Protein chains: 2
Amino acid sequence: MEHFFVTVAQYATLSEQSRQELVKQLQKQVLPRGTILVRPDTTCKCLYFIDKGLTRTYYLKDGKDITDWISDENSFACSIISFITRRPDRRGIEILEDTVLYVLHRDVLDELCARYHDIEHLFRMLVAHGLIQLQQKFDDLHFATALERYKILMQSNPSFIQRVPLGMIASYLGITQETLSRIRAQI
Amino acid sequence: MEHFFVTVAQYATLSEQSRQELVKQLQKQVLPRGTILVRPDTTCKCLYFIDKGLTRTYYLKDGKDITDWISDENSFACSIISFITRRPDRRGIEILEDTVLYVLHRDVLDELCARYHDIEHLFRMLVAHGLIQLQQKFDDLHFATALERYKILMQSNPSFIQRVPLGMIASYLGITQETLSRIRAQI
DNA sequence: CACCGCCTTTGACATTTATCAAAAACTCAG
DNA sequence: CTGAGTTTTTGATAAATGTCAAAGGCGGTG
C-alpha cells in the first residue's frame, strides 16, 4: 500500500485521518495473468491501483480486439467512462501478468470524497491528470505517424514493448499488427 | 450568469453560500469576434464560461492552423492542459463570434475549491465530464471514417457547421479541408 | 459596380496504412 | 523431442486521405 501513497503524494497531500480511511478501505487483491477484472459491456464499479503487474483496458470493435489503455506498476486501471457515468461500457480490463492491486469501490470513493475534502481534492487532481494523459494520446494519434507513435511509446513506456504482445501494442497505437511488425523491421 | 448556474447544476448542487461566492468571483466579459482570448504558447490562467457566442481552441502544427476544440453557448472554453499544469501550451483560444463570457481565474478557482468543499466537488465532476468528452472524441478519431466523423458532428453540434468556417471544421475533425469539401459534395 | 482577399471546390497524383493471404517463428504440453 | 496452437513476419493489393495546384464563388470596400 506504500506505493499507493507515494504515488498519490505527487498529486495532493492527505491528512493523517484521510490516509487512515484510505488504508481501511483499500482492498488488496492478488490475481493471476489472464483474469478478466472487468467484463466488457458491464459497469466498472472499482478503481484499481496496480502495485505490481500489468493490465490492459480493451474492447471488441467489429470483432477485433482493441487495446485502449495499458497500466503498469504505480498507476491506475479503470474503465473510466463506465466508472464516471456508472453505466456499462464496452471496455473491459484484463490482467496481463500476475498482479497485485488495491481496489477502491466507486461508492466508497464517493463517500470518502464527500466526507473528506482533501480526498475529494486528490481525486480532482487525479482526474485532471488523466485528462492530460488522454489529451497527449489524442494528439499523438492525430499528428504522429505510426512510426512516430511507436517511438514515443518506446521512450515513454519501454517496458510495454517487452511485456505486451505485439498485437495489443499495435491496436493501442491505433495501427494493425502487420503495420507494427513492418515498423519494427525498419528500425 | 443564470446560464452558468443552470449548466453546472447538471453536475452538482451548490450551497447558497458557494453560489454567492461564485457570483462574486465570476467576471463578465463582452468580446468581439476575432479577439485572441489566450495567445498560443502562453499559460491559460482562466476558465471561460460562454454565455453567448462561440470560441475555438487552436494551435499551429507545421505552419498549419489546427482547431482543437469548439465551444458554444453554455459550455466552457479553456486551454485545459495549460490550465491544469500551469504551464504554457501551444493551444490558444480565439473568439469566433461576438461573445459574452464569464471568467474565473485559476487561482480564484483553486481558492474556492479549497474553501468550499462543494465547489471542489463541482469541479471534480466538470473535469470528469471533460474527460468523457475527450474520450468520445478520441474514439471517433480512432475508428470513424472522415465521413462518419462529419455525420457525428452534424448530429451532435449541427450549428457548428453553419457557424464555423470549413477549414476549421476540417482540422477539428482531423482531416484536410479538401477532404471535407469532397465529403460535403457526396452527401 | 468592380476589384481584392478569402473561403471553398475540383482535379491529378502521392502516400500511408489497411486488408487479405500465407509462411515462418515461437511456446508449451505431452 | 514433437506437434498443435498462437504470435509474428512477409507479400501483394486496395482504400482512404493527404498534397499540390488552380479555378470558382462570395462578401465587403472604396
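Remember, it's a predicted structure, so these values are computed and weren't measured experimentally. Quick note: numbers below take in every heavy atom, side chains included, and nothing from hydrogens, waters or symmetry partners. Residue numbering restarts at 1 for every chain, and letters A, B, ... go by the order of the sequence lines.
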A:Thr179 vs C:dA18: side-chain N/O to OP1/OP2 distance below 4.0 Å: yes
A:Thr176 vs C:dA18: side-chain N/O to OP1/OP2 distance below 4.0 Å: yes
Nucleotide C:dT10, atom C1' - distance to CD of B:Gln186 in whole Å: 14 Å
Six-ring centre of A:Phe5, A:Arg19 cation under 6.0 angstrom, axis tolerance 45°: yes
Spacing of A:Ile183 atom CD1 relative to D:dT9 atom C1', expressed in whole Å: 14 Å
Rounded distance in Å - CZ (A:Arg184) to P (D:dT7): 14 Å
Ring-face cation contact, B:Tyr58 with B:Arg56, 6.0 Å cut, 45° max: yes
Aromatic plane relationship, B:Tyr172 with B:Phe160 - under 30° parallel, 30 to 60° tilted, over 60° perpendicular: perpendicular
Distance in angstrom units between A:Gln162 CD and D:dT8 P, rounded: 12 Å
Donor-acceptor pair (no angle test) under 3.5 Å: B:Gln177 side chain, C:dC7 base: no
Protein-nucleotide distance (B:Asp65, atom CG; C:dC7, atom P), rounded to Å: 10 Å
Residue met sooner reading DNA chain C from 5', once A:Glu178 and B:Leu166 are mapped to nucleotides: B:Leu166
First of B:Arg182 and B:Pro165 reached from the 5' end of DNA chain C, by closest nucleotide: B:Pro165
Within 6.0 Å of CD in B:Gln155, more than 12 heavy atoms from elsewhere: no
Atom-to-atom span, CZ of B:Arg163 to P of C:dC7 - whole angstrom: 18 Å
Interatomic distance where CZ belongs to B:Arg33 and C1' belongs to D:dG28 [whole Å]: 12 Å
A:Tyr102 and A:Phe49 aromatic ring geometry - parallel, tilted or perpendicular at 30°/60° bounds: tilted
Euclidean distance, atom CG of residue B:Leu141 to atom P of D:dA16 [Å, nearest integer]: 17 Å
Minimum-distance nucleotide to A:Thr145 side chain [options: C:dT10, C:dT17, D:dT8]: C:dT17
